[in-house]
4 protein chains.
Amino acid sequence: MFTEDQNLTEKQKGILAAATELFAEKGYAATSTSEIARKAGVAEGTIFRHYKSKKDLLLTIVSPTMIKVIGPTVKKDINKVLDKEYSTFQDFIRAMIANRIDFVKNNIPLIRIVIQELPFHDELKKQAIEHIGKDVFEKLRAIVQYFQAKGQIIEMHPDTIIRVVASSVLSYIFTSYVIFPENEWNEEEEIERLIEVLSNGVAKR
Amino acid sequence: MFTEDQNLTEKQKGILAAATELFAEKGYAATSTSEIARKAGVAEGTIFRHYKSKKDLLLTIVSPTMIKVIGPTVKKDINKVLDKEYSTFQDFIRAMIANRIDFVKNNIPLIRIVIQELPFHDELKKQAIEHIGKDVFEKLRAIVQYFQAKGQIIEMHPDTIIRVVASSVLSYIFTSYVIFPENEWNEEEEIERLIEVLSNGVAKR
Amino acid sequence: MFTEDQNLTEKQKGILAAATELFAEKGYAATSTSEIARKAGVAEGTIFRHYKSKKDLLLTIVSPTMIKVIGPTVKKDINKVLDKEYSTFQDFIRAMIANRIDFVKNNIPLIRIVIQELPFHDELKKQAIEHIGKDVFEKLRAIVQYFQAKGQIIEMHPDTIIRVVASSVLSYIFTSYVIFPENEWNEEEEIERLIEVLSNGVAKR
Amino acid sequence: MFTEDQNLTEKQKGILAAATELFAEKGYAATSTSEIARKAGVAEGTIFRHYKSKKDLLLTIVSPTMIKVIGPTVKKDINKVLDKEYSTFQDFIRAMIANRIDFVKNNIPLIRIVIQELPFHDELKKQAIEHIGKDVFEKLRAIVQYFQAKGQIIEMHPDTIIRVVASSVLSYIFTSYVIFPENEWNEEEEIERLIEVLSNGVAKR
DNA sequence: GATGAATGAGTATTCATTCAT
DNA sequence: CATGAATGAATACTCATTCAT
């Protein structure tokens with residue numbers, strides 16, 4: 001995660017890695033800076049040379065996730081839709097799911113931290129609402145309307161459709177990868193079923 | 001919440017109420033016992049006369065919720081199904097949602113605490129898996145199979161159906177009442193739409 | 001100093017005594033709370049149970065000095081003047097000096113702290129100005145005018161007279177008892193000489 | 001202050017200037033080396049390249065003041081007296097005051113530091129006693145005796161006269177320029193009054 | 001049963017100082 | 001020479017917990 005970033009010293013990378021792991025494992029408030037220092041193999045003072053407070057450290061870890069990673073990938077997706085790369089709504093959802101699973105798999109600790117700490121830090125809340133709430137939601141609305149226009153999905157208020165589909169997909173992914181990562185599901189098959197249920201419902205005809 | 005319980009002194013109720021509120025608001029680790037004492041209007045020592053540690057206090061607050069409240073209501077629901085009180089799967093889901101919304105509305109702080117602290121306390125995790133994982137899941141499976149036998153819902157593996165429906169319903173409720181409680185939705189209408197999507201999917205026919 | 005105060009526990013008295021001594025000896029900023037605790041024979045946490053911060057401890061030590069001790073004694077003196085207890089300006093100064101020497105002798109550490117810390121703490125400055133600046137200065141002016149009216153002292157602006165006399169007296173006392181307390185002066189004789197110089201000057205006639 | 005000194009690099013001058021200002025403003029113990037570095041616009045390490053410790057920096061700032069400045073000017077004054085440049089004791093005091101005011105005005109921060117830190121650093125105390133105590137006091141004694149021989153001032157023990165006059169003059173200057181520098185006094189007039197009181201006392205004849 | 005003073009280990013943060021670059 | 005990253009001891013302050021009253 002942080003190993004790629006160029007202008008960071010080895011120590012800084014170690015601090016970020018250690019802090020990420022510990023915050024995810026025990027929670028922000030229950031993690032002490034001395035613990036982070038020990039795990040990162042640096043002196044406690046070194047942490048504060050780079051991050052002016054424990055909170056600053058948290059924000060440094062979390063902000064890029066929300067800003068750089070969530071935003072752009074959703075943007076890419078919508079462009080692909082508009083470029084007719086996905087001809088059906090199902091294809092779009094499938095791609096979204098695959099894309100999200102990839103992201104989640106590679107960032108489980110980070111996501112855990114975000115979920116845990118979001119309610120307690122107003123700065124994070126603000127960022128989340130700004131980056132996800134507005135940007136992403138609007139784009140998803142455009143996509144839904146696009147497929148409604150093509151006659152592929154029902155004429156329901158786009159926001160309702162987004163809420164149902166997104167909450168299903170996200171909670172599906174979270175339960176699979178973040179909450180019960182030890183379980184072994186047959187991934188592809190399960191995804192297809194989820195898509196089928198979302199497409200055709202559970203009612204028999 | 002705790003006012004009903006009989007064999008609790010006024011002080012104990014006050015401590016539980018104060019702790020619940022503070023844990024929900026700031027998180028378990030970030031709440032100090034002195035804060036709880038102040039809010040409850042008791043001396044610091046009084047807390048430890050009743051609960052041998054801060055963690056004990058947390059477990060006292062959270063356990064009854066999971067044990068007493070989640071289990072029984074699901075049992076009641078399944079009995080109602082078997083008593084043919086709900087003749088369609090939609091009716092069942094509708095009843096479940098109403099029931100859960102009621103519970104959630106009345107226990108937002110408690111639910112917040114459970115969600116926040118579950119990952120960090122193995123005792124809680126164990127309890128959760130035991131009480132919800134096994135008991136509830138089995139009963140839901142029975143219900144799905146019942147409606148499948150009646151030819152109302154598709155012949156998919158019951159667990160998949162449960163996962164999709166339950167995660168949709170729960171995340172729907174959580175986003176509505178726990179995460180964005182300030183938003184004003186048209187409750188009944190939204191629920192009907194959710195049920196419709198779950199029943200018939202989003203695909204146009 | 002603090003042994004008299006009734007509603008203070010033994011520990012509190014110990015903390016105040018230790019802090020007073022250390023602040024006087026090494027200065028406020030250079031004294032650590034752990035040092036105070038060690039010297040007072042209490043746990044470090046105990047200090048903060050009684051004084052919410054190190055600064056609070058400083059103010060607790062210093063405020064009573066300025067409020068309770070400086071004000072009242074000057075008031076007493078002026079009453080004695082008005083009651084004609086001192087028939088000459090010299091008598092008045094002599095009484096003032098004796099009185100101040102008594103106070104200074106019994107409160108050397110406290111006075112040291114006040115002198116040292118006054119410039120760095122605005123709360124102290126404010127208090128000092130309020131209690132000494134206004135109250136005391138006004139009363140001294142009244143006294144000077146009283147003796148001017150009696151034709152005992154020259155017709156110079158009272159404030160100038162106060163400044164010269166007071167600064168002479170105070171710096172005399174300070175150099176004798178606070179700055180060079182080890183020196184042995186012939187107290188009474190020296191005081192008489194100071195009074196003589198202030199009365200008649202150093203010029204030979 | 002330090003700009004004149006030749007064999008000092010720009011950085012060194014900056015460090016001394018910054019440290020002087022900060023020590024005067026917040027006190028030695030409450031000033032951090034990082035603060036000094038920031039204010040001086042140098043790296044933290046640079047300070048320690050030139051001054052082996054924070055205390056060394058303090059001594060570097062303070063010592064020259066006492067050694068170079070106090071000593072020589074008093075010597076000059078006494079020579080002027082002996083050269084009959086001042087024919088009366090009043091003239092001598094007037095010149096002394098003017099001279100001291102000049103010095104004080106141009107070195108307020110330095111004087112503040114000396115006053116504040118003197119009691120806490122034995123090295124400084126020693127220097128002060130050596131340079132002022134012995135050298136200066138002796139010279140002043142000679143001057144007093146000179147004017148006594150000329151029959152201008154009373155036949156009191158010279159040390160008493162010095163104490164009274166010096167403490168009056170110094171505390172007068174300090175209160176005017178160091179402690180309440182914001183006040184606007186009518187300088188010349190006030191000085192004349194001080195001299196008059198010192199010469200003829202406050203008693204009416 | 002309730003209190004709240006007392007504790008001492010622990011907290012985040014700052015500090016003066018060192019040293020490789 | 002100058003830098004600034006790194007250190008680890010020290011700092012003011014908080015915490016959960018104990019216990020005599």
Side-chain angles (χ1 to χ4, degrees), chain A residues 8-12 14-15 28-38 40-57, chain B residues 9-12 14-15 29-38 40-57, chain C residues 8-12 14-15 28-38 40-57, chain D residues 9-12 14-15 29-38 40-57:
Chain A
L8 288 178
T9 68
E10 281 309 309
K11 303 257 171 194
Q12 284 191 63
I15 292 167
Y28 169 79
T31 301
S32 75
T33 51
S34 75
E35 234 173 328
I36 297 170
R38 203 181 324 120
V42 303
E44 222 177 324
T46 306
I47 293 176
F48 292 92
R49 178 149 291 278
H50 296 293
Y51 309 96
K52 69 180 200 301
S53 68
K54 192 183 159 191
K55 188 144 199 171
D56 189 38
L57 184 52
Chain B
T9 68
E10 280 309 309
K11 302 254 172 197
Q12 284 191 62
I15 290 167
T31 301
S32 75
T33 50
S34 75
E35 231 174 330
I36 297 170
R38 203 181 324 121
V42 302
E44 285 193 60
T46 307
I47 292 176
F48 292 91
R49 192 145 286 283
H50 294 292
Y51 310 96
K52 71 178 203 300
S53 69
K54 192 184 163 192
K55 187 143 202 169
D56 189 38
L57 184 53
Chain C
L8 287 179
T9 67
E10 281 308 309
K11 303 259 171 193
Q12 283 191 63
I15 291 167
Y28 169 79
T31 301
S32 74
T33 51
S34 75
E35 234 173 328
I36 297 170
R38 202 181 325 122
V42 302
E44 220 178 327
T46 306
I47 293 176
F48 292 94
R49 177 150 292 277
H50 296 292
Y51 309 96
K52 68 180 201 301
S53 67
K54 192 183 159 191
K55 188 144 200 171
D56 189 38
L57 184 52
Chain D
T9 67
E10 279 309 308
K11 303 255 171 195
Q12 285 191 62
I15 291 167
T31 300
S32 75
T33 50
S34 75
E35 231 174 331
I36 297 170
R38 202 181 324 124
V42 303
E44 285 193 57
T46 307
I47 292 175
F48 292 91
R49 192 144 286 284
H50 294 293
Y51 309 96
K52 72 177 201 299
S53 68
K54 191 183 162 192
K55 187 144 203 168
D56 189 38
L57 183 53

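Within every chain, numbering begins at 1; the chains are lettered A, B, ... in the order of the sequence lines, protein sequences first and strands thereafter. None of the values given here were measured: they were computed from a predicted structure.
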note = Read 5' to 3' with Watson-Crick or G-U pairs under 3.5 Å, [ ] for crossing pairs and | for partners on another strand, DNA chain E gives .||||||||||||||||||||

Atom of [X], atom of [Y] and distance for their closest heavy-atom approach:
X     : Y     : result
B:A30 : B:E35 : O-OE1, 4.2 Å
A:D56 : A:Y51 : OD2-CA, 3.4 Å
A:I15 : A:I47 : CD1-CA, 3.9 Å
D:K11 : D:V42 : CD-CG1, 3.5 Å
A:A29 : B:A29 : CB-CB, 3.7 Å

key: Range on DNA chain E touched by chain C, heavy atoms, distance below 4.0 Å   = E:dA5 to E:dG8

message = If you assign A:S34 and C:H50 each to the DNA chain E nucleotide with the nearest heavy atom, which residue ends up on the more 5' nucleotide?
response = C:H50

Who passes side-chain hydrogen bond (donor to acceptor under 3.5 Å, both in side chains) against [X], sequence neighbours left out?
X     : result
C:S34 : C:S32
C:K52 : none
A:T46 : none

Interatomic distance where [atom1] belongs to [X] and [atom2] belongs to [N] [whole Å]:
X     : N      : atom1 : atom2 : result
C:I36 : F:dA12 : CD1   : P     : 8 Å
A:Q12 : F:dG4  : CD    : P     : 14 Å
C:F48 : F:dA16 : CZ    : C1'   : 18 Å

ask   = When rounded to the nearest 0.5 angstrom, what is the spacing between CD1 in A:I36 and NZ in A:K54?
value =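 A:I36 CD1 to A:K54 NZ: 6.5 Å, rounded to 0.5 Å.
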
task = Measure the spacing between OG1 of D:T33 and CG of D:L57 and express it to the nearest 0.5 Å.
result =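 Answer rounded to 0.5 Å: 9.5 Å.
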
task = Would you tell me if any nitrogen or oxygen in the side chain of B:T33 comes within less than 4.0 Å of OP1 or OP2 on F:dA16?
result =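 Answer is yes, contact under 4.0 Å.
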
Below 3.5 Å is the cut-off: list the nitrogen or oxygen pairs between protein and nucleotides 7-10 of chain F, distance only.
unit_1	atom_1	unit_2	atom_2	d
F:dT7	OP1	A:K11	NZ	3.2
F:dT7	OP2	A:A43	N	3.2
F:dT7	OP2	A:T46	OG1	2.6

inquiry  = On DNA chain F, does the nearest nucleotide to B:K55 precede the nearest nucleotide to A:E10 from the 5' side, or the other way round? Give the residue.
reply    = A:E10

ask   = If each of B:A29 and C:K54 is mapped to the nucleotide of DNA chain F with the nearest heavy atom, which maps nearer the 5' terminus, i.e. the 5' end?
value =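 It is C:K54 whose nearest nucleotide is closer to the 5' end.
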
